[in-house]
Amino acid sequence: MKKNVFISLILCVLVLSFGTAMAAKSQIDNVPGGAAVTYIQAGAGMDALINVQSVNPSTFTKVHFAVWDGESHHIYDWSACLTPYDNYGVVISATDATGGIVINDYSDGFGGNSVPSVGNPGFPATFATYTTSGIAYGYITAVVSADGTSCSAAMGASQYSQATLETEAPDNIFMRMALVSSTAAMAMNTAMLQNFANFGTDGLLETTNTLGIGCFMNMDLDATDTFSSIDDGVGNPNIDWYELLVTESLILPDILHNSGAGVPCNVTNALGASYTSGGPVPAGPRYWARFNDNADYQTVLVTVAPDLSHAPAAGGFDRYDHLVGQAHQMFDDAEVPGSVSTVCPDEVCFTNFGAGLNELHNGSIAAGEVRLNIPFPILGFVITESAAWADIYPLIAEQKAIWDGINLPVIGGFQAITFVP
Amino acid sequence: MSRRRYEKALAVLLLMIIIGSLSCASQAKRVVPSASLDESVRNFYQLKKDRKIEEAWYFERRSIASKSSDELNKDKGQYLQRESSMPLKDFTVIEIGKEGSHAKGFTPVKVKLIGSWPPLNMIMPEGDRVQEFDDLWENIDGKWYHVIIGLTGTYW
């Protein structure tokens, strides 16, 4: 007994002395965070507007932005300084019908905010992903990387984006996105990650810790892998796939597993719907989406799985399946089920409802709900439109995960994470 | 009938004839889609620039969709409401593309449009919104109609 208590005390001390950091403690909609991600599209007369608002009354905040196409190709990145309560915005426009885009700043520069930008906004870059109608699509991420008492101080710092040390960024910002065509426009708040901790440019190290135990993120039965980071260097953080997870216990730079030796790490999704099965094979984080598909209305399901292409490097990490081969369900408005299938292995899926290839096959159901089973952390929404109007609705997640406890290891199950509902 | 009453009745009749003539004249001048793509494109955007959105609606492919008159009127009403929030200030027809060359068989027309940003509930850019892109047109029964590309990429 005394020996067990002693070991338990040692574990507690180690946990507390190394400090703990989840990649994110939660992803609650419409709440400020330290990182944001959202979908963008431009072309065929459409622009995407991205707007970031600082909610900090006294601190100058450095935010690192990165634009990715629908296959997670890094297109462009830059940093900007937000003064207290500042607002910063960019317009993403298309230059042609084959993926060419430009990014232009439309910030106000008010009250001493010089909004210095790294790089040269305005030059064209090219998305590899675009539709037959000439709409280039991808996503943008924004991460708080530093702060200070002035813009020059903030831009020269990197407290929340280091080489090996991971520190939680303050929840200083929220982000909005608008899509504007020549005949329609809509806007929405983006997905925000609270208590976001960037893993540093050395990536995620699956090595055993000083206690000689470890867990494995990719089901390869060893705890020795390293997953490289997609950060743009120290001080310029981006959102890696493993930073979209809430972990039961994650001590940096090692992983302390809590499910017994030689078993998968106990993690769940921060971005998107969580799951409670434990381990890396989820029972199915699920979403609901409303759709209409007839001659007068069209719905498109848009889903973004940030850094998905990175995940295959994680071997058998099952979460890398996006919309491929999952057990989705579909119901009409009389709750009569229909069959549904789709194939979309990409980071960004722009999926129509219909009978064609790579469409959500809804058969004879012209309107109803689709219940999606998507293991990878995602954000998503549906756009329903006619010739005369358009509406946008975020996906409903059946459950969300929030880290709320002291990081103690347990055998099986989740202890430090609350699931809502 | 007294002479005075006769003259009054004649004046009213003449007035009605004049009003009727003017009405017929104005309807005869209404701009409609034509067999010329260049003319249709320019007329369409000129109507938008002149805020004659109801007339511009009849250049939309959607205005001749196979729907009931009630449904078409409903579509038109929503179109008028939406278009009024994004007025067009100026336009340039840059290039008429090869007929039917678009992947879906439409004809591309490169245009430059200068207008206003819509009044969304977020901070919007200052100044005009300038767009340059391939607008799409379709020839239906010998007349050219504008194709709306929706936010979902659907062609309306």
Side-chain angles (χ1 to χ4, degrees), chain A residues 41-47 49-53 87-91 93-97 104-108 130-135 137 176-189 295-302 350 352-353 382-392, chain B residues 45 48 53 56-57 60-63 65-67 71-72 74-83 85-86 88 91 97 102-104 106 108 110-113 115-127 129-136 146-156:
Chain A
Q41 69 181 37
M46 289 181 223
D47 300 310
L49 273 65
I50 298 297
N51 199 270
V52 177
Q53 176 69 45
N87 185 274
Y88 176 81
V90 292
V91 182
S93 308
T95 56
D96 55 46
N104 285 293
D105 186 321
Y106 75 90
S107 302
D108 55 10
Y130 52 92
T131 68
T132 53
S133 44
I135 302 171
Y137 58 90
R176 293 193 175 105
M177 174 272 283
L179 300 177
V180 183
S181 75
S182 55
T183 54
M186 57 181 57
M188 63 187 292
N189 296 331
D296 295 327
Y297 305 105
Q298 176 66 44
T299 297
V300 165
L301 169 69
V302 178
F350 195 81
N352 286 289
F353 287 76
V382 289
I383 302 175
T384 294
E385 69 172 4
S386 71
W389 57 264
D391 266 328
I392 190 167
Chain B
Y45 281 112
K48 283 195 162 191
I53 307 302
W57 160 252
E60 299 288 2
R61 186 174 76 143
R62 205 62 187 166
S63 70
S66 299
K67 299 168 85 170
E71 288 173 329
L72 285 174
K74 185 180 174 185
D75 281 355
K76 185 173 81 172
Q78 290 172 335
Y79 179 85
L80 295 178
Q81 191 176 28
R82 195 178 65 183
E83 289 291 322
S85 66
M86 293 194 288
L88 182 68
F91 69 94
H102 184 267
K104 296 292 183 182
F106 303 126
K110 188 176 286 293
V111 295
K112 179 178 177 180
L113 305 180
S116 303
W117 290 97
L120 293 174
N121 196 17
M122 59 187 267
I123 295 178
M124 302 299 285
E126 292 181 356
R129 181 176 180 223
V130 180
Q131 311 164 77
E132 190 172 310
F133 63 100
D134 281 343
D135 206 11
L136 297 179
H146 179 245
V147 179
I148 294 173
I149 305 173
L151 284 171
T152 62
T154 304
Y155 303 100
W156 299 100

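Residue numbering restarts at 1 for every chain, and letters A, B, ... go by the order of the sequence lines. Only a predicted model underlies this, so the values are computations on that prediction, with no experimental measurement involved. Just the heavy atoms: all of them, side chains too, but no hydrogens, waters or symmetry mates, feed the values below.
Scanning for side chain to side chain contact (heavy atoms under 4.5 Å, CB included) contacts around A:S93 gives A:D47, A:V91, A:V102, with sequence neighbours left out. By the ring-ring contact (aromatic ring centres under 6.0 Å, His included) test, A:Y130 is found to be paired with no residue, residues two or more places apart in sequence or in another chain being considered.
With rounding to the nearest 0.5 angstrom, the CD1 atom of B:I149 is 9.0 Å from the OG atom of A:S181. Taking CG of A:D296 as the start and NZ of B:K74 as the end, the distance is 9.0 Å to the nearest 0.5 Å.
Ion pairing of B:K110 with A:D96 is absent here, as no side-chain N (NZ or NE/NH1/NH2) approaches a carboxylate O to less than 4.0 Å.
Considering only heavy-atom pairs separated by less than 4.5 Å from chain B, the leading option among A:I383, A:I392, A:V300, A:V180 is A:V180. In terms of heavy-atom pairs under 4.5 angstrom with chain A, the leader among B:F106, B:Y155, B:Y79 is B:Y155. Among the candidates B:E132, B:H102, B:M124, the residue making the largest number of heavy-atom pairs closer than 4.5 Å to chain A is B:M124. Chosen from B:G150, B:G77, B:P108, B:A103, the residue pairing most often with chain A at heavy-atom distances under 4.5 Å is B:G150. Heavy-atom pairs under 4.5 Å with chain A were tallied for B:I148, B:D75, B:T154; the largest tally goes to B:T154. With chain A as partner, the option from B:R62, B:R82, B:K67 having the largest number of non-hydrogen pairs under 4.5 angstrom is B:R82.
For a residue to count as touching a neighbouring chain, one of its non-hydrogen atoms must lie under 4.5 Å from one of that chain's; by this rule A:T132 touches chain B with backbone and side chain alike. A:I135 touches chain B through its side chain: at least one heavy atom from C-beta onward sits under 4.5 Å away, while N, CA, C and O do not. Interface remark: A:S182 contributes backbone and side-chain atoms alike to the contact with chain B (heavy atom separation under 4.5 Å). Only the side chain of B:R129 comes within less than 4.5 Å of a heavy atom in chain A; its backbone stays farther off. B:P125 touches chain A through backbone and side chain together, each having a heavy atom under 4.5 Å away.
Across every non-hydrogen atom of A:R176 and B:M122, the tightest pair is CD-CB, 4.0 Å. Contact record, A:A185 with B:P118: CB-CG, 3.6 Å, taken as the closest heavy-atom pair.
Looking only at side-chain heavy atoms (C-beta outward), B:W117 and A:L49 come within less than 4.5 Å of each other.
A distance-only check finds a donor-acceptor pair linking the side chain of A:E385 to the backbone of B:L151 [under 3.5 Å].
For B:Q78, the CD atom sits in a packed shell: over 12 heavy atoms of surrounding residues, nucleotides or ligands are nearer than 6.0 Å.
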